[in-house]
Amino acid sequence: MFRLVLLGPPGAGKGTQAVKIAEKYQIPHISTGDIFRKNVKEGTPLGKKAKEYMDKGELVPDKLVVELVTDRLDAADCKNGFLLDGFPRTVFQAEKLDQYLEVKGIALDKVIDISGDEEVLLERMIGRRVCRACGAPYHIKNMPPKEEGICDICGGEVYQRADDTEETVRNRFQVYQKQTMPLIAYYEKLANIIHIQSAGSPDTVFASIISVLGV
Ligand code: AP5
Ligand code: MG
């Protein structure tokens, strides 16, 4: 059983690794980005608000994020652990998560920080495609779906995210540096952070992660 957080800049491979980790350790994968994209697609009030920020590569305001996540963590399937992907993303969110966990009498086991060279990550994101139905990530060169435009896992439509243009990606890097990178020092103090390099194939990165978490 693990309670995990995946931290890292846009395109580091959080979503790619999350699918593998969630399957191996049988814990739910909770991606705030995926939850927002689902709301955008369904045209909910939350989706309409979130879209304004996401399309510019800015963070959605903390007050719209924290309750969404803590409600999700209250669900029965999180009893035996969870994997948070893309949350927390600000020190405020991390403090709110800590308060929530403390009240529940539980703690994070590990924070996995995946880092990588910005130019490599940019290339990954510009070529990225995602399944609209299940969120599985692909890449036009590195990891194309077996049949163009169709998800290998669920048969859903594979599309390009609206925030995967070069201009927006460059802003997302800046937002990451300003608002999310301070979390590395925050979790360094709690001594439960591990650092993983995103260079190498997804399987190589996954092997580094499980070598720390245990088989
Ligand atoms: P979110 O969806 O979380 O986006 P992100 O953090 O920018 O990260 P990405 O999903 O772009 O990258 P990833 O690390 O998951 O990489 P992936 O595995 O896909 O957030 C989007 C937006 O939502 C935010 O900008 C914000 O507006 C809002 N939001 C979300 N959470 C929020 C929060 N907590 N607070 C406020 N706002 C929030 O991989 C990328 C590509 O590379 C893929 O094509 C993949 O196939 C390929 N790839 C992956 N690994 C490898 C490898 N090892 N080698 C080669 N290619 C690889
Ligand atoms: Mg992702």
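Both counts, for ligands and for their atoms, begin at 1 and track the order of listing.
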J.: Check whether Met181 and Leu97 end up in the same hydrophobic cluster, where Ile, Leu, Val, Met, Phe, Trp and Tyr are linked by side-chain heavy atoms less than 4.5 Å apart.
T.: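 Yes, it is one cluster - the side chains of Met181 and Leu97 are joined through contacts under 4.5 Å.
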J.: How far is atom 27 (O) of ligand 1 from the closest protein heavy atom, and which atom is that?
T.: Glu58 O, 2.6 Å
J.: Tell me: protein heavy atom nearest atom 10 (O) of ligand 1, and distance?
T.: Arg161 NH1, 3.0 Å
J.: Taking NZ, NE, NH1 and NH2 as the nitrogens, is one of them in Lys56 or Glu52 under 4.0 Å from a carboxylate oxygen of the other?
T.: no
J.: Which option out of Val60, Asp163, Thr168 puts a heavy atom nearest to atom 28 (C) of ligand 1?
T.: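 Selected option, by shortest heavy-atom distance: Val60.
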J.: Just to confirm my output: which protein heavy-atom neighbour is closest to atom 7 (O) of ligand 1, and how far is it?
T.: Arg172 NH2, 2.7 Å
J.: Yes or no on salt bridge (Lys or Arg N to Asp or Glu O under 4.0 Å) for Asp34 and Lys41, after CA distance, side-chain angles and deciding distance?
T.: CA-CA 10 Å; Asp34 287 350; Lys41 182 178 130 194; over 6 Å; no
J.: Among all protein heavy atoms, pick out the one at the shortest distance from atom 13 (P) of ligand 1; state its residue, atom name and that distance to 0.1 Å.
T.: Lys14 N, 3.5 Å
J.: Numbering the atoms of ligand 1 from 1, which are under 4.0 Å from a heavy atom of Gln93?
T.: 33 (C), 34 (N), 35 (N), 36 (C)
J.: For a quick check under 3.5 Å, do Tyr53 and Asp163 share a side-chain donor-acceptor pair by atom type?
T.: no
J.: Could you tell me whether Gly13 and ligand 1 have an N or O pair separated by under 3.5 Å?
T.: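 Right, the criterion is met.
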J.: For Arg161 and Val130, which heavy atoms make the closest approach, and how far apart are they?
T.: CD-CG2, 3.8 Å
J.: Could you tell me the residue and atom name of the protein heavy atom closest to atom 43 (C) of ligand 1, and the distance to it rounded to 0.1 Å?
T.: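 Here the closest protein heavy atom is Tyr138 O, 3.7 Å.
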J.: Can you tell whether the side chains of Asp117 and Arg124 come within less than 4.0 Å, N to carboxylate O?
T.: no
J.: Does the side chain of Ser201 pick up a donor-acceptor pair with the side chain of Thr204 at under 3.5 Å?
T.: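 Judged by distance alone, the side chains do pair up.
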J.: Would you mind checking which non-hydrogen protein atom is closest to atom 1 (P) of ligand 1, with the distance to 0.1 Å?
T.: Arg89 NH2, 3.7 Å
J.: For atom 52 (C) of ligand 1, what is the closest protein heavy atom, and at what distance to 0.1 Å?
T.: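 Protein heavy atom at minimum distance: Arg124 NH2, 3.3 Å.
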J.: Against heavy atoms of Met143, which atoms of ligand 1 measure under 4.0 Å?
T.: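 Matching atoms, with element in brackets: 45 (C), 46 (O), 47 (C), 48 (N), 57 (C).
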J.: Among all protein heavy atoms, pick the one closest to atom 18 (O) of ligand 1 and tell me residue, atom and distance.
T.: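 For atom 18 (O) of ligand 1, the nearest protein heavy atom is Thr16 OG1, 2.6 Å.
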J.: Assess whether a salt bridge exists between Arg72 and Asp77, defined as any Lys/Arg side-chain N lying under 4.0 Å from an Asp/Glu carboxylate O.
T.: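 Asp77 and Arg72: salt-bridged.
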J.: Should Ala12 be listed as contacting ligand 1, given a heavy-atom distance under 4.0 Å as the test?
T.: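 Heavy atoms of Ala12 do come under 4.0 Å of ligand 1.
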J.: Can you list every pair that meets side chain to side chain donor-acceptor pair (under 3.5 Å) and has a residue in residues 101-110, with sequence neighbours left out?
T.: Asp74-Lys104
J.: What heavy-atom pair brings Gly15 and Pro137 nearest, and what distance separates the two atoms?
T.: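 Heavy-atom minimum between the residues: C-CG, 4.2 Å.
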J.: Enumerate the atoms of ligand 1 whose separation from the nearest heavy atom of Pro202 is less than 4.0 angstrom.
T.: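 Selected atoms, number and element: 51 (C), 52 (C), 53 (N), 54 (N).
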J.: For Pro10, is at least one N or O under 3.5 Å away from an N or O on ligand 1?
T.: no
J.: Applying the 4.5 Å side-chain criterion to the ILVMFWY set and letting contacts propagate, would Val205 and Leu4 be lumped into a single cluster?
T.: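 Linked within one cluster.
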J.: Determine, considering heavy atoms only, which of Gly15, Gly116, Gly135 sits nearest to atom 15 (O) of ligand 1.
T.: Gly15
J.: Strictly below 4.0 Å, N to O, side chains only: are Arg170 and Glu118 in salt-bridge contact?
T.: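 A salt bridge is absent here (no side-chain N lies under 4.0 Å from a carboxylate O).
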J.: Do Asn142 and ligand 1 have an N or O pair less than 3.5 Å apart?
T.: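 Yes: some nitrogen or oxygen of Asn142 is under 3.5 Å from one in ligand 1.
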J.: Has ligand 1 got any nitrogen or oxygen that is less than 3.5 angstrom from a nitrogen or oxygen of Phe87?
T.: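 Min N/O separation from ligand 1 is not below 3.5 Å for Phe87.
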J.: Please list, in number order, the atoms of ligand 1 under 4.0 Å from a heavy atom of Ser201.
T.: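 Per the distance check, 53 (N).
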J.: State if Arg37 counts as touching ligand 1 under the rule of any non-hydrogen atom under 4.0 Å.
T.: yes
J.: Does NZ or CZ of Arg129 fall inside the cone over Tyr138's six-membered ring, less than 6.0 Å from its centre and within 45° of the axis?
T.: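 Ring-cation test returns no.
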J.: Can you list the atoms of ligand 1 that are under 4.0 Å from a heavy atom of Ser198?
T.: 53 (N)
J.: Can an N or O of Gly86 be found at a distance shorter than 3.5 Å from an N or O of ligand 1?
T.: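 Yes; at least one N/O pair falls below 3.5 Å.
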J.: Can you confirm, on distance only, whether ligand 1 has an N/O atom lying under 3.5 Å from any N/O atom belonging to Leu59?
T.: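 For ligand 1, there is no N or O atom that lies under 3.5 Å from one belonging to Leu59.
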J.: For residues 79-93, which residue pairs qualify under side chain to side chain donor-acceptor pair (under 3.5 Å), counting only residues two or more places apart or in two chains?
T.: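 Only His29-Asp85, Asp62-Thr90, Asp62-Gln93 qualify under side chain to side chain donor-acceptor pair (under 3.5 Å).
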J.: What do you reckon, does Gly11 have a nitrogen or oxygen under 3.5 Å from a nitrogen or oxygen of ligand 1?
T.: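 N/O-N/O distance below 3.5 Å exists for this pair.
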